[in-house]
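For reference, the structure discussed in these notes is given below.
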Amino acid sequence: MRYISTRGQAPALSFEEVVLTGMASDGGLYVPEEVPTLSHDDLADMAGLSYAEIAFRVMKPYVNGEIDDATFRGIVEEAYATFSHDAVVPLNQLDANHFLLELFHGPTLAFKDVALQLLGRILDHFLQKRGERAVIMGATSGDTGSAAIEGCRHCDNLDIFILHPHQRVSEVQRRQMTTVLANNVFNVAIEGNFDDAQAMVKASFADQGFLNGTRLVAVNSINWARIMAQIVYYVASAVALGAPQRQVSFCVPSANFGNVFAGYMAKRMGLPVKQFIIATNANDILHRTLADNDFSKQELVATLAPSMDIVVSSNFERLLFEAYERDGAAVKALLERFQAEPTALAEAPLARLRESFASHSVDDATILEVIREAHHRTQEVLDPHTATGYRAAERERADATTPVITLATAHPAKFADAVVKAGFPGVPLPPHMDDLLECEERYTVLPAELAEVQKFVAENRR
Ligand SMILES: *Cc1c(COP(=O)(O)O)cnc(C)c1O
């Protein structure tokens, strides 16, 4: 198994190389050259297995023997032992045929833990084998930073530097990052906004000279291993509800499209999925593209579901590559046009997308209404991201008899502001996080100046 770029011009890479590389040299994203298959029997045999065992079986072909089976199994088991629920990602029934897949039982209470707990350990394994060290740099407006830190805090061969905008992330989100006192974790509060922080990370990847040859690694959702890890819960939940004998549908609160693309991969592998429903907040580029063929950027809107506030969906490129029948030149041309001006997809690729995907956009007022309505009907308090999915699933599902699984991407305690706005007294943090607001914090405040930030990274990496 090799990995190829969606723009067709970068060299094909092995799994190890692709995990250590991030973006392809031609500006594209890596995808597997062939999609491995899960036969009817493979799926049937998964009934009743543990999450870690299903994860091992689903991911094994992508790892391609580059980590031996016993070691990989150990990595997978360790990654998912950090979750506080024995099912790792339990299904919760809402009505006769609507289910929530709770992806928020990891260390930082959001679904990004599922991929980052695994990615940190895989990176550490490959670096150890090569006798190398690497630096991770990332910018965060909240969620991704803490999940990346939790995923790397035990990794001997990695130092992680996460930049967040000073005094512009919520206290819970800041503390989830800054109370991790491991000696390979560095939190930097930038005196600027998120875009300033992100621009400095991008500039550092573009010119890595300040690290004197040490590798810089990206753990954002363009890293293939994150997609790979997320394929697993689509398979595990569908099997729990009767696959391969029974079809299911999925509804996915979406932003950068990494999560729902993983679902699409599960379908391509052979999982019987009837329909994917993409839920967006007011930042609705995915919905506009699918519903109106309006593939254009719009101003960023700050919403009650902030982890879905995006202008461009980076992983959508991976789906476009499939919709354009793996014509890298066509994808490159389309995305170059998109960067310059509003554009549209060609008819045949759009029709292919519409065979598998429906979409729905949910504004802030509706998010609050849905949190109240879902509680009234089911006693569940949804987080605002999951609320977009709940509404989209009810509105867009193709039929009432196929079970629909809405992905619950965050714990409501993590986004208590929206829950309070909806009229609830607030949501307590789970017991294992009781002391978050008292723990010691450590972070460094730096001006929004590239040279200062790079000096800090170069001096503090081990
Ligand atoms: C990151 C995130 C999303 C969006 O996921 P994508 O893979 O970017 O589409 C949705 N909800 C929450 C809570 C998130 O943290």
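Numbers here simply count residues along the sequence, with the first being 1.
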- Query: What distance do W224 atom CH2 and R318 atom CZ have between them, rounded to the nearest 0.5 Å?
  - Reply: 6.5 Å
- May I have all residue pairs that pass salt bridge (charged side-chain N to carboxylate O under 4.0 Å, His left out) and include part of residues 22-33, sequence neighbours excluded? none
- Would you say E341 has more than 12 foreign heavy atoms packed within less than 6.0 Å of its CD? yes
- Task: Look only at the side chain of N64 and the backbone of M1, and say whether a donor-acceptor pair between them is shorter than 3.5 Å.
- Result: yes
- May I have the step-by-step check of salt bridge (Lys or Arg N to Asp or Glu O under 4.0 Å) for D399 and K274, ending in yes or no? CA-CA 10 Å; D399 67 73; K274 175 142 197 168; 3.0 Å; yes
- Apply salt bridge (Lys or Arg N to Asp or Glu O under 4.0 Å) to R215 and list each qualifying residue two or more places apart in sequence or on a separate chain. E132
- Any idea which heavy atoms bring L335 and F295 closest together, and the distance? CD2-CZ, 4.1 Å
- Item | side-chain contact (heavy atoms from CB on, under 4.5 Å), paired with V362, selected from R395, M308, R391 | R391
- Item | Where R354 and D292 come nearest, the two heavy atoms and their spacing | NH2-N, 4.2 Å
- Message: Can you confirm whether K267 is buried at NZ, in the sense that more than 12 heavy atoms of other residues, nucleotides or ligands lie under 6.0 Å from that atom?
- Response: yes
- Kindly check if the number of other-residue, nucleotide or ligand heavy atoms within 6.0 Å of NE2 (H432) is above 12? yes
- Message: Does K421, at its NZ atom, have more than 12 non-hydrogen atoms belonging to other residues, nucleotides or ligands within less than 6.0 Å?
- Response: no
- Query: If you take all heavy atoms of P447 and V453, which pair is closest and at what distance?
  - Reply: O-CG2, 4.2 Å
- Quick one: sort the F111 and Y233 rings into parallel, tilted or perpendicular, breaks at 30° and 60°. perpendicular
- F357 pairs by ring pair (Phe, Tyr, Trp, His ring centres under 6.0 Å) with which of F276, F316, F250, F261? F276
- Message: If you compare all heavy atoms of A148 against all heavy atoms of I162, which two are closest, and at what distance to 0.1 Å?
- Response: CB-CD1, 4.4 Å
Side-chain atoms of residues 240-248: list all donor-acceptor pairs with protein atoms under 3.5 Å, sequence neighbours left out, distances to 0.1 Å.
{"from": "R246", "atom 1": "NE", "to": "L241", "atom 2": "O", "distance (Å)": "2.9"}
{"from": "R246", "atom 1": "NH2", "to": "L241", "atom 2": "O", "distance (Å)": "2.8"}

- Query: Got a salt bridge between R153 and E150, using NZ or NE/NH1/NH2 to carboxylate O under 4.0 Å?
  - Reply: yes
